[in-house]
Number of protein chains: 2
Amino acid sequence: MATERSDLAAMLGPIVRDLMAIELPILAAHEVSMWGYVVLNALDDTPVRTQSALAEAIGADKSRIIGTLDELQQAGLIERTPDPDDRRVRLLSITPQGRAMRRAVRKDIQAAELQVLDGLPAADRKTFLRLLQQLHASR
Amino acid sequence: MATERSDLAAMLGPIVRDLMAIELPILAAHEVSMWGYVVLNALDDTPVRTQSALAEAIGADKSRIIGTLDELQQAGLIERTPDPDDRRVRLLSITPQGRAMRRAVRKDIQAAELQVLDGLPAADRKTFLRLLQQLHASR
DNA sequence: TATTGTTATACTCTATAACTATA
DNA sequence: TATAGTTATAGAGTATAACAATA
């Protein structure tokens, strides 16, 4: 039976768990939470107008990200400015410091995270990365 | 700059989230919890003696899996028999019903889960799967 | 004294539903 | 009446430490 294999989640789960273990100390060193980093990435890559839109973009409930936004704003990494055209809305934007923080954290994370692919030969690591990027881009 | 890419976790996270959404209804239909299914897989693939060893194998604390083991045992999917050589230990084993359940759930999951790779051409899907299996086997 | 399995406690996350202010 | 943001509440999940039985 050639199709005997583990479930995708059973194979991907442990990798993601290892990635968390690698990233959490890095995030802590930069004094940013995991969700804070997710928000900075989202705002930097594809700016959104409202908090609802941001929540939807990162797969969270609008009520769940408020504490994260409070922290990021207090740290000067994002701004929430009232929308003059619709005073219910608070327009979101990443600040220059937020962008710098995002870049700094990402540099550290990307320098450390590839160790989870150590089980593959170098050529296969490149292929895996390429396919994963392709898959991610297609969403 | 050719190295511009998303973090591994940022690319893998959404895939794992999609997999969860696909698998949870299937598990519910079979009346098995996610951790219950993880335990059945672990016991079927690489039998372990003690509950501690099982917990370690699936990356959980020994206290965290007790409720899961209770449910599985009550459903007749696993057995916990006292070890005569060390009466602190309860020897774990999967039952024939447990094995059948595992196979049935796995069949359904594997029939549904590959849709998360739909963003890749068929040939690349095969390559990705092969590399992922290789990576998983190297752990 | 250390270990296995268990239970109890507290803590973190999250989902849900209210609430306000606007539209 | 509906929507954006916020707050409050309750529930699930988890980590940690304590415990009884055995080694």
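Each chain gets a letter, A, B and so on, in the order its sequence line appears, and its residues count up from 1.
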Side chains of Ser6(B) and His136(A), heavy atoms from C-beta outward: is any pair under 4.5 Å?
yes
Answer yes or no: is there a side-chain heavy-atom contact under 4.5 Å between Arg139(B) and Pro14(A)?
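When only atoms from C-beta onward are counted, Pro14(A) and Arg139(B) do touch, with a gap below 4.5 Å.
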Taking Asp85(A) first and then Arg49(A), would you say they form a salt bridge - that is, a charged N and a carboxylate O separated by under 4.0 Å?
no
Residues Glu113(B) and Arg5(A) bridged, charged N to O under 4.0 Å:
yes
Restricting to pairs with a member in residues 53-79 of chain A, which pass side chain to side chain donor-acceptor pair (under 3.5 Å), not counting sequence neighbours?
Asp61(A)-Ser63(A), Asp70(A)-Arg80(A), Gln73(A)-Arg80(A)
Which residues in residues 39-52 of chain A have at least one heavy atom lying under 4.0 Å from any atom of DNA chain D?
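Under 4.0 Å from DNA chain D: Thr50(A), Gln51(A), Ser52(A).
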Which residues within residues 11-34 of chain B lie with some heavy atom under 4.0 Å of an atom in DNA chain D?
none
Listed by chain and number, what are the side chain to side chain contact (heavy atoms under 4.5 Å, CB included) partners of Arg130(B), not counting sequence neighbours?
Thr127(B), Gln134(B)
Ignoring backbone atoms, establish whether Arg90(A) has a side-chain N or O less than 4.0 Å from OP1 or OP2 of dT6(D).
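Affirmative; the distance criterion is met.
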What is the distance, to the nearest angstrom, from the [atom1] atom on [X] to the [atom2] atom on [N]?
X        : N       : atom1 : atom2 : value
Glu79(A) : dG5(D)  : CD    : C1'   : 18 Å
Ile66(B) : dA18(D) : CD1   : P     : 17 Å
Arg80(B) : dG5(C)  : CZ    : C1'   : 9 Å
Leu92(A) : dA4(D)  : CG    : C1'   : 11 Å
Ile58(B) : dT14(D) : CD1   : P     : 10 Å
Leu54(A) : dT3(D)  : CG    : C1'   : 17 Å
Leu69(B) : dG5(C)  : CG    : P     : 9 Å

Please step through salt bridge (charged side-chain N to carboxylate O under 4.0 Å, His left out) for the pair Glu23(B) and Arg106(B), ending with a clear verdict.
CA-CA 10 Å; Glu23(B) 295 189 11; Arg106(B) 180 153 90 163; over 6 Å; no
With ILVMFWY side chains joined below 4.5 Å, transitively, what does Leu91(A)'s cluster contain besides itself?
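Answer for Leu91(A): Val89(A).
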If I take atom CG from residue Leu24(A) and atom OG from residue Ser33(A), how far apart are they, to the nearest 0.5 angstrom?
10.0 Å
Hey, what do you get for CG (Leu77(A)) to CG (Leu69(A)), rounding to the nearest 0.5 Å?
11.5 Å
Give the B/S/- string for nucleotides 8-23 of chain C, one per nucleotide from 5' to 3', where a protein heavy atom under 4.0 Å of the base yields B, of only the sugar-phosphate yields S, and otherwise -.
------SSB-----BS
Side chain to side chain contact (heavy atoms under 4.5 Å, CB included) between Tyr37(B) and Met101(B): does it pass, once the steps are laid out?
CA-CA 9 Å; Tyr37(B) 180 57; Met101(B) 173 67 80; over 6 Å; no
